[in-house]
Amino acid sequence: MPTIRTIARIRPLLEKELDKDVIVHADRVDEAKALTVVKIPNPKNEAEEFSFAFNSVYDQATTQEGLFTAEVAPHVKALFQGLDVTIFAYGVTGTGKTHTMRGGLRLAERGVIPRLLSNVFRRGKKMMKDTDGATSVAVALSYYEIYNDKVYDLLEPPEKRTPAGLPLREKDGKTIVVGLSERSCDDLKDFERLYIEANNNRVTAATKLNAHSSRSHAILRVKVTQMTGDMIKESTASAIDLAGSEDNRRTDNGKERLVESAAINKSLFVLSQCIDAISRGDKRIPYRESKMTRILSLGQKNGITIMILNLAPIRSYHLDTLSSLNVSSRAKRIEVREIENEIVFKQAPRTNSGLGGATIQRQPLRPLNNAHNVHTGALAAKAAAEKAEKPDKPVKLFSVYTDKKPSVSARPIATAANTSLPRQPLQPKRPSETAESIVRPSKLARPTQQSLLRPPQPTSISTSTSASATQQISISPSQIEAMVEKKVAEILAQRAAAAEATQAQAAPAAPEPTAASAPAQTEISDEVKRRLEALERRIETESASRRGDDGDGRSDGLRLLLQARQAKERGDDEGALVLYERAAVYFPGQAKLAGKIERLRIKLGKVGSGEAAAVGGVGEKKVRRRQIVGEDEDGEYQEGTEADVEDEEAERVARVRTPRKKGNNKTRMAVAAEAAVFEDDGPESPRTKRLLEIVNSRDLILIRSLHGFGAKKAQDLVDHLTLKGDEESGRVASLAQLRMLPGMGGRTVERAYEGLVVEV
Ligand SMILES: Nc1ncnc2c1ncn2[C@@H]1O[C@H](COP(=O)(O)OP(=O)(O)OP(=O)(O)O)[C@@H](O)[C@H]1O
């Protein structure tokens, strides 16, 4: 089994950096234990701190020697036993990756790489001496960089490079870089000469953040070959100084830098996925997804991987530092959620965090299974019990904790009852923090800005005996359905019993019910059903209005619409009608939807033309059949020319077309999104076509360019499509299909659609 150690190193303050700006600290879970926790304030609420757990944490005072002795030296022995050792330095530009790996020229300043080489030479010599020369040890170096997803040999002068870089080829199940040079190296002096020369070749491009910022991954491979007679033992130590992981949205980069960033982000993302998979003990490590991990064959041998996360301690790196810290936790879907300014612990603490147990005061935050507060109360207890039955899950590398500083006045921990209370929107702490710039704790699992501003979803009937209003809010749609079904059954049973009694009284010797009496009963039950449906709709309308029209209600409505379309595609007109009617509650006045309902009702012989407009809260007044001069191809409305474009719908259309002030953007977007979902089964719009092309390309970089698609979401989609590809065509044929894929719920599809710019 490959093993992984994840460590963090906080660099000291540089010249001009001030003590008062230090926000990142190393900590320990127990006075007697080593440093294993990195603490950083929540940028949205400085009264809280996030804590990230590592295998080890090294603070500002750590020397180069200290780090090497603790983390790398112990593995040199394993290298000579035939295991591969891979050491990564990861982090934002200027946090000390190069310092950690390469270091300075002075002895004390030497980094991991020269120290590793020094150790390898020393051990090799000792081995030869101990075996009286029976075993010989040879060391050979390769040094290459991956820049914009192309491989360049750093041991060759830049003039020899071709723009396409060196190709990769598979040989004996291994990926080799064709034409990569390898130089034998007899001692440290040899190494230093080669290494300094190679580093002069290394491509660096200036970014706004740092004029000497490294934009390529530099990979040094040290091949150790031990020969005893005919026996050959070969192992490799790789040391990788990764390109800066800063978020380019904050660095005002030009086109060239953005292309670099896309390549950097892709390989960093795949790397984090591999590390995640190795740490989980997965059989499948996605190392083939990027050149770097493929060449390294990461996780393919029983090697040792050390991931050093370099961190700058000061505030100006706050958001980027959080992003780096979240790289692993993001993949583990850890979500921080605030309710009433209080952190809610979503799941019972794990027994396997390695930091849990009696030694720890704080409750670890745990992954949410979905966006709702389902892990409170009885469900949480059930989840905990289930977890206790499976104690052998692999230990996590990262855990996230949050601490409330003692100065903060105690607020009640949210319970099943109070989670239904509306949450206050999160306000930026500092004027410089716009809503956009506020960091979110986790990209995949992090709540979107909209979801943060949205009141929580009702999910279960309140267990408290408090106000009945609260209970009403807490009724879920499935419970409503169950109630309605029960009610229908009860009333039908009552009616049947009453009818039987009447018949028995009026005509004791009456013949068996005739065929004519059956329709009468059906009529009665139809009437009951209709009334109950109306009741159901009313409850839904109330729930929707309590949730707020712009928020979840609308997205629930969109979900229903898509389900309805799917039902229609399956030929289930009855089901489609029910779903359209339920969706209509969320879109009062949506004439197009009313039209769909009307057509379906006519098709199913339910009512006459025109009645459908009054269905499902569409409005008491009849929506007249009108002609809008079509939707344009992008699903946006064009102005109608006929005089009868006069209802609320026309007003709404006008709103979409009028340029709006900033504050109204959301409404416009929501309506545009709606238009996308309402898009009929006609020809695909260019935007839809483009969106589906991007999705079906399965190209991570392209998919990540979609609005609202982070690295994890993109990867999940590609994984899903790849899996699907084995069974079906693997293609997504429509927006409706896309929306039904895992992770594509909420407003994901709409946001991606809205974000696309298509030239028509
Ligand atoms: N542990 C440390 N002790 C002393 N100085 C440090 C330490 N870590 C980093 N520095 C200094 O901080 C500065 C930035 O470090 P470095 O160049 O290694 O960052 P980097 O993450 O490699 O950046 P880039 O991605 O641009 O290469 C350098 O001046 C370096 O000497």
Side-chain angles (χ1 to χ4, degrees), residues 7-19 21-22 24-26 35 38 54 56-72 87-115 143 145-148 154 195-196 198-220 239-248 250-251 253 257 260-261 263-265 267-268 271 292 307-321 323-325 327:
I7 65 172
R9 181 184 197 183
I10 305 169
R11 74 154 164 76
L13 290 177
L14 304 180
E15 223 187 332
K16 296 199 180 137
E17 291 179 347
L18 302 173
D19 259 330
D21 293 324
V22 171
V24 181
H25 300 277
L35 296 169
V38 172
F54 291 83
S56 279
V57 174
Y58 296 89
D59 63 10
Q60 294 192 30
T62 306
T63 61
Q64 297 282 64
E65 190 193 0
L67 182 82
F68 181 81
T69 309
E71 293 297 338
V72 186
I87 308 157
F88 290 98
Y90 173 81
V92 180
T93 288
T95 53
K97 298 182 296 294
T98 308
H99 180 87
T100 297
M101 297 307 269
R102 198 191 305 174
L105 290 174
R106 284 182 25 234
L107 206 62
E109 292 301 302
R110 280 182 173 176
V112 162
I113 290 173
R115 283 172 197 273
Y143 194 22
E145 69 174 348
I146 301 182
Y147 176 70
N148 277 356
L154 284 171
Y195 190 53
I196 289 170
N199 280 323
N200 289 338
N201 294 337
R202 189 175 173 194
V203 172
T204 53
T207 68
K208 198 182 168 195
L209 274 184
N210 183 337
H212 302 286
S213 156
S214 159
R215 307 292 292 170
S216 67
H217 307 302
I219 299 143
L220 176 75
I240 300 112
D241 183 358
L242 291 167
S245 65
E246 58 275 6
D247 186 336
N248 280 276
R250 288 194 278 275
T251 60
N253 281 324
R257 296 284 93 77
E260 287 174 353
S261 300
I264 293 169
N265 289 343
S267 49
L268 292 181
L271 173 64
M292 180 176 60
M307 183 85 173
I308 305 171
L309 175 60
N310 287 96
L311 298 168
I314 53 169
R315 187 178 295 283
S316 55
Y317 289 76
H318 202 159
L319 303 188
D320 279 322
T321 301
S323 298
S324 320
L325 285 163
V327 158

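Counting convention: from 1, in listed order, for ligands and their atoms alike. All of these numbers come straight from a predicted model, not from anything done at the bench. Numbers here are sequence positions counted from 1.
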Exercise. What do you reckon, is CG of L105 surrounded by more than 12 foreign heavy atoms closer than 6.0 Å?
Worked result: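 No, because the 6.0 Å sphere around CG of L105 holds 12 heavy atoms or fewer from other groups.
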Exercise. Is the count of non-hydrogen atoms from other residues, nucleotides or ligands lying under 6.0 Å from E65 atom CD greater than 12?
Worked result: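 Not buried by this count: 12 neighbours or fewer within 6.0 Å.
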Decide whether an N or O pair under 3.5 Å exists between [X] and ligand 1.
X    : value
G94  : yes
K97  : yes
T62  : no
D241 : no

Exercise. Non-hydrogen atoms of L14 versus ligand 1: any pair closer than 4.0 Å?
Worked result: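 The answer is yes: ligand 1 sits under 4.0 Å from a heavy atom of L14.
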For this session: Work out whether the distance between some heavy atom of R9 and some atom of ligand 1 is less than 4.0 Å.
Result: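 Under 4.0 Å: yes for R9.
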For this session: Classify the side-chain pair R9/T100 by whether it contains a donor and acceptor separated by less than 3.5 Å.
Result: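 Distance-only check passes for R9 and T100.
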Exercise. Would D21 and S316 count as a side chain to side chain contact (heavy atoms under 4.5 Å, CB included) if you check the C-alpha gap in whole Å, the side-chain angles of each, and the deciding distance to 0.1 Å?
Worked result: CA-CA 8 Å; D21 293 324; S316 55; over 6 Å; no
Heavy-atom contacts with [X] under 4.0 Å: which atoms of ligand 1 show up? List them by number with element.
X   : result
T98 : 18 (O), 20 (P), 22 (O), 27 (O)
V92 : 21 (O)
P12 : 1 (N), 2 (C), 3 (N), 4 (C), 7 (C)

Exercise. Is there a side chain to side chain contact (heavy atoms under 4.5 Å, CB included) between Q60 and V22 once you walk through the steps?
Worked result: CA-CA 11 Å; Q60 294 192 30; V22 171; 4.2 Å; yes
For this session: Determine yes or no for a side-chain-to-main-chain donor-acceptor pair under 3.5 angstrom, with E17 supplying the side chain and L14 the backbone.
Result: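 Yes; judged by distance alone, with no hydrogens or angles, the pair exists.
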Problem set entry | Of the listed options A61, A243, G91, G96, closest to atom 19 (O) of ligand 1 (non-hydrogen atoms) |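 Going through A61, A243, G91, G96 one by one, G96 has the nearest heavy atom to atom 19 (O) of ligand 1.
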Exercise. Out of H99, Q64, R11, Q60, whose heavy atom sits nearest atom 31 (O) of ligand 1?
Worked result: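 Heavy atom nearest to atom 31 (O) of ligand 1 belongs to H99.
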Exercise. If you measure from CD1 on I219 to CD on E145, what distance do you get to the nearest 0.5 Å?
Worked result: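 Going from CD1 on I219 over to CD on E145, the span is 9.0 Å.
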Exercise. Atom CG in L271, atom CE in M307: separation rounded to 0.5 Å?
Worked result: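 Between L271 CG and M307 CE, I get 4.5 Å after rounding to 0.5 Å.
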